[in-house]
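Only one structure is covered here, and it is reproduced in the block below.
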Amino acid sequence: MRISFGYVAMSVVLKDCSPSRTITLQNLSKIASEKDRFARLTSIARENLDNTQRLFFHNRANDIKIFRITSKLIPLATHPVTENWDWFAEVKDKLKSLGDYARENDFRISAHPDHFTLLNSPREEVTEASVRDLEYHLRILDGMRLDSSAKLVIHVGGGYKNKEASLARFIQNYKLLSRDIKQRIVLENDDKIYTARDVLELCQELKIPMVLDIHHHWCNNYNDDISDYLADIFSTWDGETRPPKIHISSPKDEKHFRSHADNVESSFLLDFMAKAKQLNRDFDVMIEAKNKDQALFNLMTELRQIPYIRFIDGGCIEVW
DNA sequence: ACCTGTCAAGTCTGG
DNA sequence: CCAGACTTGACAGGT
């Protein structure tokens, strides 16, 4: 059983390397001409892509193949004020070279549209904005020429006081999405509304791979034991070219149980590994922690003390 | 160089 | 019905 590790969007080790620089509407509006406004936006976007390339070098140097790119690569990309800005033309060269590098190094790239991307909202304008946001993410991944194994991780959405109706609305709206978007979407259980069991059933019905978030499962679970669902959750990835993925994080504290702690406690991962072991199936683990890549490195250091773990390289272990 | 209130976007809860 | 919580990195204005 091989487990590969990755982290989310930014490094706390590399200096001045944010891939998420942006500009506020107020400051953008201070620039008089549209040409100059677009030039400013382009400059920020290209800087974000350069920093993403630095992150890729860093990941390569540390054997990290699992990585989530930020959703904020292109400032204000889906805001109406940039409607006439052809951002894709301005950055496609950099997207292509990022994608080339990702493929050369066998990176597994994903993105996670933000929490206001909701396919099941009863408000039509919210759903429409969400589709536009998914299209934006699609253009990024397509621009990198990554195949459909590069996923868009989203949640089911809100409960709207009626989960059944809201699930039905998700199904209805999901089916209206383009094939290119559907191929990339994977669904994750959340910490408040849709449990792992809920999401598994939905994923099975729509044939969507499911990302299990262990921390969310602790928060929201119908008292289910995840062991009972693990084989089925992993099976939702059977048609895919890449292994199943899980998210792991530690609660910040008792009072802020749903928030992410600085690091991930290795015991949580070891517990999960024990449950997954009988499935004897490779999987990828996304570390979600305030300390980002440093949390991953810290976890690896702890895992080196475990006798039944063999390190393949700095970002991948084998368990027996 | 550092600090703090604010920022495009949604939903839910509590008053 | 509305204000505040949630969550979070970065901006931007001020010291």
Side-chain angles (χ1 to χ4, degrees), chain A residues 7-31 37 40-41 43-45 47-52 55 68-85 87 111-137 152-163 165-167 169-170 173 188-195 213 215-216 219-220 247 249-262 286-295:
Chain A
Y7 67 99
V8 175
M10 59 178 287
S11 168
V12 300
V13 177
L14 300 181
K15 294 301 162 207
D16 299 319
C17 195
S18 169
S20 305
R21 275 203 65 186
T22 185
I23 185 169
T24 57
L25 285 176
Q26 199 179 23
N27 262 12
L28 188 67
S29 71
K30 289 176 191 162
I31 303 171
R37 284 196 296 277
R40 180 83 192 98
L41 290 161
S43 153
I44 293 170
E47 184 183 328
N48 286 341
L49 289 161
D50 287 342
N51 283 341
T52 302
L55 288 160
R68 177 190 304 167
I69 55 172
T70 176
S71 291
K72 301 189 183 73
L73 277 178
I74 312 297
L76 303 172
T78 57
H79 191 281
V81 299
T82 66
E83 201 175 12
N84 298 320
W85 174 43
W87 61 264
H112 196 344
D114 280 311
H115 56 95
F116 42 80
T117 298
L118 298 158
L119 284 179
N120 73 343
S121 173
R123 293 166 56 200
E124 204 171 324
E125 69 274 22
V126 172
T127 309
E128 283 169 2
S130 299
V131 173
R132 282 198 297 278
D133 192 54
L134 289 170
E135 284 166 349
Y136 154 73
H137 284 87
L152 295 174
V153 182
I154 60 172
H155 296 284
V156 180
Y160 310 101
K161 298 187 172 134
N162 185 341
K163 271 168 84 169
S166 301
L167 280 164
R169 215 163 33 240
F170 180 93
N173 290 334
E188 175 188 349
N189 58 309
D190 65 76
D191 55 0
K192 286 203 196 102
I193 302 162
Y194 298 98
T195 67
D213 187 306
H215 184 182
H216 291 167
C219 300
N220 181 27
H247 292 172
S249 46
S250 291
K252 186 178 165 75
D253 53 51
E254 204 57 44
K255 187 171 175 341
H256 305 93
F257 191 83
R258 298 205 310 271
S259 302
H260 291 168
D262 292 350
M286 183 66 79
I287 303 292
E288 296 185 330
K290 287 244 188 272
N291 281 347
K292 307 290 178 188
D293 53 341
Q294 187 58 57

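Reminder, nothing fancy here: chain letters follow the sequence lines and each chain counts from 1.
With a 4.5 Å cut-off on side-chain heavy atoms, A:W87 and A:L73 do not count as touching. Between A:I44 and A:T22 the shortest side-chain heavy-atom distance does not fall below 4.5 Å. A:E288 is not listed as a side-chain neighbour of A:H215, based on a closest heavy-atom distance of 4.5 Å or more.
Of the possible polar contacts, one joining the A:S71 side chain to the A:H112 backbone as a donor-acceptor pair under 3.5 Å is found.
Following rounding to the nearest Å, A:F116 (CZ) and C:dC6 (C1') show an atom-to-atom distance of 14 Å. In this structure, CD of A:E47 is placed 9 Å from P of C:dC11, rounded to the nearest angstrom. The nearest whole Å value for the distance from the CD atom in A:E128 to the P atom in B:dA8 is 22 Å. Atom pair A:D191:CG and B:dT13:C1' shows a separation of 15 Å (rounding to whole Å applied). Atom CG in A:N291 sits roughly 15 Å away from atom C1' in C:dT8 (whole-Å rounding). Residue A:K72 contributes atom NZ, which lies 11 Å from atom C1' of B:dC7 at whole-angstrom precision. Atom pair A:L28:CG and C:dC11:P shows a separation of 14 Å (rounding to whole Å applied). Atom C1' of nucleotide C:dT8 and atom NE2 of A:H115 are separated by 8 Å, given to the nearest angstrom.
Within the structure, every side-chain polar atom (N or O) of A:R132 is placed at least 4.0 Å from both OP1 and OP2 of B:dA9. The phosphate of C:dA10 has OP1 or OP2 within less than 4.0 Å of a side-chain N or O from A:S18. When the side-chain nitrogen and oxygen atoms of A:K290 are compared with OP1 and OP2 of C:dT8, one or more of them lie within a distance under 4.0 Å. In this model, the phosphate group of B:dC7 is not approached by any side-chain N or O of A:T24 to a distance below 4.0 Å at OP1 or OP2. For A:S259 and C:dT7, the shortest distance from a side-chain N or O to OP1 or OP2 is below 4.0 Å. Under 4.0 angstrom from either OP1 or OP2 of B:dA9 there lies no side-chain N or O belonging to A:T117. A close approach under 4.0 Å does not occur between any side-chain nitrogen or oxygen of A:N27 and OP1 or OP2 of B:dC7.
Here the nucleotide nearest the side chain of A:L118, chosen from B:dC12, C:dA12, B:dG10, is B:dG10. Of all nucleotides listed (B:dG10, C:dT7, C:dA10), C:dA10 comes nearest to the side chain of A:S20. Of the candidate nucleotides C:dT7, B:dA9, C:dA12, C:dT7 has the atom nearest to the side chain of A:R258. The side chain of A:R21 lies closest to C:dC11, out of C:dC6, C:dC11, C:dA10. For A:L76, the side-chain atoms get nearest to B:dA8 when compared with the rest of C:dA10, C:dT8, B:dA8. Considering only side-chain atoms of A:H260, the nucleotide from C:dT7, C:dT8, B:dG10 that sits closest is C:dT8. Here the nucleotide nearest the side chain of A:H79, chosen from C:dA10, C:dA12, B:dA8, is B:dA8.
B:dC2 sits 24 Å from C:dT8 when the P atoms are compared, rounded to a whole Å. Using C1' as the reference atom, C:dG4 and B:dG5 are 16 Å apart when rounded to the nearest Å. Across C:dG13 and B:dA8, the matching P atoms stand 12 Å from one another, rounded to whole Å. Taking atom P on both C:dG9 and B:dC12, the two are 23 Å apart, rounded to the nearest angstrom. Taking atom P in both C:dT7 and B:dC3, one finds a spacing of 24 Å when rounded to whole Å. Taking atom P in both C:dA10 and B:dT11, the straight-line distance is 26 Å, to the nearest Å.
Residue-to-nucleotide contacts include a donor-acceptor pair under 3.5 Å from the side chain of A:T78 to the base of B:dA8.
Classification of the A:H155-A:H216 ring pair by plane angle, with boundaries at 30° and 60°, yields tilted.
Across the strands present, C:dC2 finds its partner in B:dG14; the criterion is a Watson-Crick or G-U wobble pair with both atom distances under 3.5 angstrom. The pairing partner recorded for B:dA9 is none, the criterion being a Watson-Crick or G-U wobble arrangement whose two distances lie under 3.5 angstrom.
Residues A:N120 and A:S166 bring no donor and acceptor atom of their side chains to less than 3.5 Å of each other.
Nucleic acid contact class of A:G157 (heavy atoms, under 4.0 Å, all strands): none.
Map A:H256 and A:K30 each onto its nearest nucleotide of DNA chain C; the residue landing nearer the 5' end is A:H256.
Partners of A:H247 according to the ring pair (Phe, Tyr, Trp, His ring centres under 6.0 Å) rule, which considers only residues two or more places apart in sequence or in another chain, do not exist here.
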